[in-house]
Amino acid sequence: MTPRGWRVGIDVGGTFTDIVAVSADGRVASAKATTDTADALAALGQCLSAIGLDWEAVGDLVHGTTRITNAIVEGRLAPVTLIATEGFADVLAIGRQNRRNLYDLSVPPKATPLVPEEGRLEVTERVGPDGAVQVPLEKATITRVVAAVAASGAEAVAVCLLHAYANADHEKALGAALEKTHNHIALSHAISPEAREYERTATTVLSAAVMPSAETYLRQLGDGLPGGINLHMVQSNGGMASPEAMASKPLGLAMSGPAAGVTAVAAVVRDLRIDLALAFDMGGTTTDVSLVRDGEVSITTQRPIGDTPVRQPMVDVRSVGAGGGSIAAVQAGGLTVGPASAGAEPGPAAYGRGGTRATVTDANLALGYLGDGAELGAGNVSLDRAAAQGVVGVIAKELGVDPDAAALGIHRIANAAMARAVQTVTVERGIDARAATLIAYGGAGPIHAVSLARELDIARVVVPRMSSVFSALGCLTARPFYQQQTSFLMQSDAWDTVRLERVIADQAAMLSTALLNAGHARRDLMTEVTALVRYAGQSYAVEVPLDDSGDAQALGRAFLARHTELYGYTTDEIWEIEALRIGVGLKESRNSLISVNSGSGTTATRSETPCLFADAGWVMTPRHDRGSLSTGDRIEGPAIIEDRWSTVVLPPGATLDVTDAGDLLIEVGS
């Protein structure tokens, strides 16, 4: 093993930071620590120390973070000046006609624009949707606008000119002039080269607003890490990218942590040959749910982050404010859970750090699922059941029920919130969730997995190896991959193969640059193309993989089959490509994830403690150490399976089998 023989994945979540490290000779180490947001580099170093390593042992660091998402949700954004085509500066304020909350009239119908009116500048220029210049951009106009931006004092600049996705020359000219006075500039043709003026502008402005924070963070990591460490960032699309690439496109980091977990799920379901799976990641602050079909993650190109629509390729993860730290409260005579969270500080009352409000973790401890005195993180948190029972008792008193009923209520309401998230990625897309396998991970996911599966009538749950640090493990499964979606309109009755191939080749060459600069050989790269296809006049498109031939008949057949699957019908109308999603990356490895040790060969009960189950009452329940389980072991519920950072709850009627790779395969039962 070389001195720098360790490859390390670190995922920073809202409550816990996870680390998985693999040595050149196959050794594996993992740990979990409470998240420290004060000093990012020191926090990563503390994680490394928790597994007995220092930076000198690290060769590659693959990092996922929620820093950008948190900055957006918490409103920690840099002031931005927006430069738009004359007559289009108010597109952010106009937005769409949709109300944020259809029935709550006390909520403003639209979010406050990210750029106030005084921060929006207009330039005289015009490009048509075909890319033809209708009104040229004069040098005098550029000079005037640059001076106005300097006078505004804004820290970042967003340039979003009409139809710049078709011809970016005017944006490039403005960008070149602004670079002389500003460091943080977002150009819409580079950030989101698509039609839909409002979404493109919102995405570009938000990208500019988080650029200073992202650059500061990435610079701290780059400058603070010892030389010789290769730093990689996990993107929202599940791929891996260089810090330099992410500094110019920081929204690519917005969902990096959840995306890493779903990437690892895709590897697990390929190992187990599962056709349809639901990634279920319940952490301390939120629960993230995503669909994995045929071993491939689901990608979306538009989702809101905070109040802003973001139009960029990212793993399609739906999040709800239901995590282990979600706070329970009595409102209007009823019990609610989340979205407010106790976070890492002070955390649930059971952590002994000053928390005074009941959380999901407190309820699970009161129900007996978690062990009294169990240590979390790096051993700096010891669970206190008496404290948990105390805060749950307060909720019980407010509701006028006994403490057991209150604890069960908190647990079940958290499940209901998660069930709704599952429905958004299944039922709302015409997919029967009952046919899926639930892949449960995160610190709290395996506690709720079987009870949630029963609520959704799902028959099987898998708790993968290293489930408590699964997103960090996912960091290590990510491959270098760059992706962009661009508008490209072409109808089936006016097919132009040459034009199609030229656009794909141009985009692929641009996306390949970072990979080639990193030393990868061109022969090791592969291009993936997805066409967004619709009937002419439809509002929404269907995603269809485009093969190398670019054959219209083949694409048409695939579109009709997918349209039938989604909507139940097809017509003989003209169809068209609306956009192309093009990705370039290293050829994908289909290797299995890291396997855990085979165990000690015994499933002897470590202890028995009482646990409360909704349908069975209080039951004496065996508790097993997960590290002692071996391939082929079978456990009948009720049982608790524990490792240092995670707990699997196996209620009565459920059955657990240990697979060859160390995954726990659970038949839910009734």
Full working for side-chain contact (heavy atoms from CB on, under 4.5 Å) between Ile439 and Leu278:
CA-CA 6 Å; Ile439 313 294; Leu278 285 163; over 6 Å; no
Any non-hydrogen side-chain atom of [X] less than 4.5 Å from a side-chain atom of [Y]?
X      : Y      : result
Val462 : Leu664 : no
Asn230 : His232 : yes
Phe481 : Asn237 : yes
His624 : Val648 : no
Ile10  : Cys475 : no
Ile229 : Asp60  : no
Val265 : Phe470 : yes
Asp288 : Ser290 : no

Evaluation steps, side-chain contact (heavy atoms from CB on, under 4.5 Å), between Leu383 and Tyr351:
CA-CA 5 Å; Leu383 294 180; Tyr351 286 8; 3.8 Å; yes
Any side-chain to backbone donor/acceptor pair from [X] onto [Y]? Under 3.5 Å, distance only.
X      : Y      : answer
Arg7   : Val62  : no
Ser298 : Leu291 : yes
Thr287 : Ala322 : yes
Thr203 : Ser192 : no
Lys249 : Ala186 : no
Glu171 : His189 : yes
Thr361 : Gly324 : yes
Asn517 : Thr513 : yes
Gln484 : Ala190 : yes
Ser213 : Val210 : no

Evaluate the salt bridge (Lys or Arg N to Asp or Glu O under 4.0 Å) criterion for residues Glu194 and Arg311: first the C-alpha distance (whole Å), next the side-chain angles of each, then the deciding distance (0.1 Å), finally the verdict.
CA-CA 9 Å; Glu194 293 188 78; Arg311 195 160 177 85; 3.3 Å; yes
Rounded at 0.5 Å granularity, tell me how far [atom1] in [X] sits from [atom2] in [Y].
X      : Y      : atom1 : atom2 : value
Leu218 : Leu253 : CG    : CG    : 6.5 Å
Ser467 : Leu473 : OG    : CG    : 10.5 Å
Thr659 : Leu629 : OG1   : CG    : 11.0 Å
Leu206 : Thr308 : CG    : OG1   : 5.0 Å
Arg460 : Leu665 : CZ    : CG    : 5.5 Å
Thr631 : Asp660 : OG1   : CG    : 5.0 Å

Going through the checks in order, is the salt bridge (Lys or Arg N to Asp or Glu O under 4.0 Å) test met by Asp643 and Arg465?
CA-CA 11 Å; Asp643 59 30; Arg465 57 275 198 196; over 6 Å; no
If you take all heavy atoms of [X] and [Y], which pair is closest and at what distance?
X      : Y      : value
Ala440 : Ala449 : CB-CB, 3.4 Å
Ser256 : Val234 : CB-O, 2.7 Å
Tyr482 : Ala245 : CE2-CB, 3.7 Å
Ala259 : Ser236 : CB-O, 3.5 Å
Ile640 : Tyr369 : CG2-O, 3.9 Å
Leu515 : Pro480 : CD2-CB, 3.5 Å

Stepwise, does the salt bridge (Lys or Arg N to Asp or Glu O under 4.0 Å) test hold for Arg67 with Glu215?
CA-CA 12 Å; Arg67 188 181 185 93; Glu215 184 179 300; over 6 Å; no
From CA spacing to verdict: salt bridge (Lys or Arg N to Asp or Glu O under 4.0 Å), Arg581, Glu543:
CA-CA 9 Å; Arg581 184 188 307 146; Glu543 297 179 4; 2.8 Å; yes
Run the salt-bridge test on Arg626 and Glu642 with the 4.0 Å N-O cut-off and return the result as yes or no.
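Salt bridge absent between Arg626 and Glu642.
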Got a salt bridge between Asp25 and Arg27, using NZ or NE/NH1/NH2 to carboxylate O under 4.0 Å?
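Between Arg27 and Asp25 there is a salt bridge, with a charged N closer than 4.0 Å to a carboxylate O.
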Residue pair Asn364, His448: steps toward the side-chain contact (heavy atoms from CB on, under 4.5 Å) verdict
CA-CA 9 Å; Asn364 288 332; His448 290 257; 3.1 Å; yes
Run the side-chain contact (heavy atoms from CB on, under 4.5 Å) test on Leu48 and Ile19 for me, step by step, so that the C-alpha distance in whole Å, both residues' side-chain angles and the decisive distance to 0.1 Å come before the verdict.
CA-CA 7 Å; Leu48 207 60; Ile19 180 170; 3.8 Å; yes
Between His63 and Asp11, is any side-chain donor less than 3.5 angstrom from a side-chain acceptor?
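Not at all, the side chains of His63 and Asp11 share no donor-acceptor pair under 3.5 Å.
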